[in-house]
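Here it is: the structure, laid out below.
We count residues from 1, following the sequence as given. Nothing here was measured: the structure is a model prediction, and the numbers come from that model.
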Amino acid sequence: MDKQVESIFKFVDYKVNHIQFDMNKNYVNQEIEIELEFEINSKISFEDKTSIVSIKADIFNPENKQGIEYPFHLAVIIEGIFSSIEDPDITEEDFNKFSMYNAPAAMFPFLRSCIADITKASNFPPIILPLINITNLIDK
């Protein structure tokens with residue numbers, strides 16, 4: 001690949017750390033809006049040029065149901081490992097921005113796929129997460 005377009009920020013690996021699926025046996029089939037919450041955490045080490053980023057997606061959290069019967073509760077946590085190639089010009093601020101914004105954006109398709117697969121395998125219509133503006137999500 002052309003080195004001028006290749007990012008200095010590398011997506012090393014990811015794993016699914018947690019899946020929790022609880023079906024609501026009292027749910028009566030009705031159309032409801034998807035309730036979705038995200039939590040993003042980063043552990044950044046500029047000295048090692050590595051970061052570990054986790055994203056938690058919580059769908060139909062029963063703590064927030066406000067009288068609505070949800071079909072299930074699904075919580076998924078994925079964790080990604082990122083690094084930077086040796087670049088003497090990268091600043092700590094740039095590395096932190098890559099870790100805070102680019103890393104979650106790179107991980108989101110894996111989270112989206114995981115959630116779709118779990119809901120489909122549970123005999124529900126697969127939930128396809130909408131495209132998310134990661135910058136706005138993190139800044140909130």
Side-chain angles (χ1 to χ4, degrees):
M1 178 180 276
D2 184 354
K3 295 294 181 191
Q4 290 180 327
V5 296
E6 188 176 356
S7 174
I8 61 169
F9 197 63
K10 301 292 180 192
F11 190 175
V12 177
D13 197 11
Y14 86 98
K15 59 186 144 207
V16 178
N17 282 352
H18 174 82
I19 298 173
Q20 177 184 349
F21 183 89
D22 299 308
M23 189 162 61
N24 178 359
K25 295 181 186 208
N26 298 323
Y27 175 72
V28 177
N29 198 10
Q30 61 185 358
E31 191 171 317
I32 58 173
E33 188 174 322
I34 294 175
E35 279 291 322
L36 179 63
E37 298 171 2
F38 294 104
E39 183 179 312
I40 300 173
N41 294 298
S42 301
K43 296 176 193 165
I44 302 168
S45 172
F46 181 68
E47 294 79 30
D48 297 333
K49 301 283 193 297
T50 60
S51 58
I52 299 172
V53 178
S54 70
I55 303 176
K56 178 181 181 182
D58 211 337
I59 301 173
F60 299 133
N61 186 339
E63 295 175 9
N64 302 333
K65 71 186 216 175
Q66 302 171 356
I68 299 170
E69 285 294 324
Y70 293 140
F72 57 83
H73 171 231
L74 173 60
V76 176
I77 301 173
I78 66 170
E79 181 178 271
I81 301 168
F82 297 83
S83 68
S84 176
I85 61 172
E86 290 304 316
D87 181 352
D89 296 330
I90 190 169
T91 65
E92 186 169 1
E93 181 181 353
D94 287 342
F95 186 76
N96 288 345
K97 283 182 183 178
F98 276 126
S99 297
M100 290 176 57
Y101 295 101
N102 295 48
M107 293 171 57
F108 210 79
F110 297 96
L111 179 66
R112 181 181 286 113
S113 176
C114 183
I115 289 172
D117 289 346
I118 293 166
T119 53
K120 180 178 70 173
S122 302
N123 204 23
F124 285 96
I127 291 180
I128 310 295
L129 296 182
L131 295 177
I132 302 290
N133 184 323
I134 296 294
T135 302
N136 288 348
L137 177 68
I138 291 169
D139 288 345
K140 284 183 181 181

Is the closest side-chain heavy-atom distance between Ser42 and Val53 below 4.5 Å?
->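 Heavy-atom side-chain distance check passes, below 4.5 Å.
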Measure across Phe95 and Lys49 and return the closest heavy-atom pair with its distance rounded to 0.1 Å.
->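 Shortest heavy-atom separation between Phe95 and Lys49 comes out as CZ-C, 3.4 Å.
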Should Leu74 and Met23 be counted in the same cluster of Ile, Leu, Val, Met, Phe, Trp and Tyr side chains packed under 4.5 Å apart?
->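 Leu74 and Met23: one cluster.
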Decide yes or no for Glu92 and Ile44: does some side-chain heavy atom of the first lie under 4.5 Å from some side-chain heavy atom of the second?
->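 Not touching, per the 4.5 Å side-chain cut-off.
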OG on Ser99 to CZ on Phe9, rounded to 0.5 Å |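 Result: 4.0 Å between the selected atoms.
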Is it true that Phe82 and Met100 fall in one hydrophobic cluster, defined by side-chain heavy atoms closer than 4.5 Å?
->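 Yes; tracing contacts between hydrophobic side chains, which count when under 4.5 Å, links both residues.
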Contact check, side chains of Asn24 and Glu69, non-hydrogen atoms, under 4.5 Å |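 Answer yes - side chains close enough.
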For the pair Phe124 and Phe21, name the ring-plane relationship: parallel under 30°, tilted 30 to 60°, perpendicular over 60°.
->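 Taking Phe21 first and then Phe124, their aromatic rings sit tilted (interplane angle of 30° to 60°).
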Check: Ile127 main-chain N/O paired with Thr119 side-chain donor or acceptor under 3.5 Å |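 Looks like yes, one N/O pair under 3.5 Å.
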In a table with atom names and distances, give each donor-acceptor pair under 3.5 Å that connects a side chain of residues 105-115 to protein atoms at least two apart or in another chain.
unit_1, atom_1, unit_2, atom_2, d
Arg112, NE, Leu129, O, 2.9
Arg112, NH2, Pro130, O, 3.1

Can Ile40 be reached from Ile52 by stepping across I, L, V, M, F, W or Y side chains whose heavy atoms are under 4.5 Å apart?
->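 Looking at the clustering, Ile40 is in a separate group from Ile52.
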Measure the spacing between NZ of Lys97 and CD1 of Ile138 and express it to the nearest 0.5 Å.
->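 Reported to 0.5 Å precision, the distance equals 13.0 Å.
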Ile81 vs Phe11 side-chain heavy atoms within contact, under 4.5 Å =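 No. Closest side-chain heavy atoms not under 4.5 Å.
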To the nearest 0.5 Å, how far apart are CG in Asp13 and CD in Glu79?
->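 Asp13 CG to Glu79 CD: 9.5 Å, rounded to 0.5 Å.
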Is any side-chain heavy atom of Ile118 less than 4.5 Å from a side-chain heavy atom of Lys120?
->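 Contact flag for Ile118/Lys120 side chains = no.
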Rounded to the nearest 0.5 Å, what separation is found between the OG atom of Ser51 and the NZ atom of Lys43?
->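 Going from the OG atom of Ser51 to the NZ atom of Lys43 covers 11.5 Å.
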Taking the side chain as every heavy atom from C-beta outward, state whether Phe38 and Lys56 have any pair of such atoms under 4.5 Å apart.
->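 No, too far: nothing below the 4.5 Å cut-off.
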Closest non-hydrogen atom pair, Pro126 against Ala116 =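 Pro126 and Ala116 have their closest heavy atoms at CB-O, 3.7 Å.
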Test item: Ser83 and Lys10 side chains (from C-beta on) under 4.5 Å apart, heavy atoms =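 In contact.
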Cluster link Ile19 to Ile128, ILVMFWY, side chain under 4.5 Å |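 In one cluster with Ile19: Ile128, no.
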Reported CD1-to-CD1 distance for the pair Ile78 and Ile55, which is rounded to 0.5 angstrom |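 If I round to the nearest 0.5 Å, the distance is 5.0 Å.
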To the nearest 0.5 Å, tell me how far Phe46 CZ sits from Asn96 CG.
->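 With rounding to 0.5 Å, CZ (Phe46) is 8.0 Å from CG (Asn96).
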Atom CG of Asn123 with >12 non-hydrogen neighbours under 6.0 angstrom |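 It does not: Asn123 CG has 12 such atoms or fewer within range.
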Distance-only side-chain donor-acceptor flag, Asn61 / Asp58, under 3.5 Å =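 Asp58 and Asn61 do have a side-chain donor-acceptor pair below 3.5 Å.
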Is the shortest heavy-atom distance from the side chain of Ile77 to the side chain of Val16 under 4.5 Å?
->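 No. Closest side-chain heavy atoms not under 4.5 Å.
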Where the side chain of Asp22 meets the backbone of Phe72, is there a donor-acceptor pair that is under 3.5 Å apart?
->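 Absent.
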Is there a donor in the side chain of Asp139 and an acceptor in the side chain of Tyr101, or the other way round, less than 3.5 Å apart?
->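 Distance-only check passes for Asp139 and Tyr101.
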For atom CD of Gln20, decide whether the heavy atoms of other residues, nucleotides or ligands shown that lie under 6.0 angstrom number more than 12.
->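 Atom CD in Gln20 is packed in, count exceeds 12.
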Indicate yes or no for a side-chain donor-acceptor contact from Asp48 to the backbone of Thr50 under 3.5 Å, with no hydrogens or angles considered.
->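 No: the side chain of Asp48 does not pair with the backbone of Thr50.
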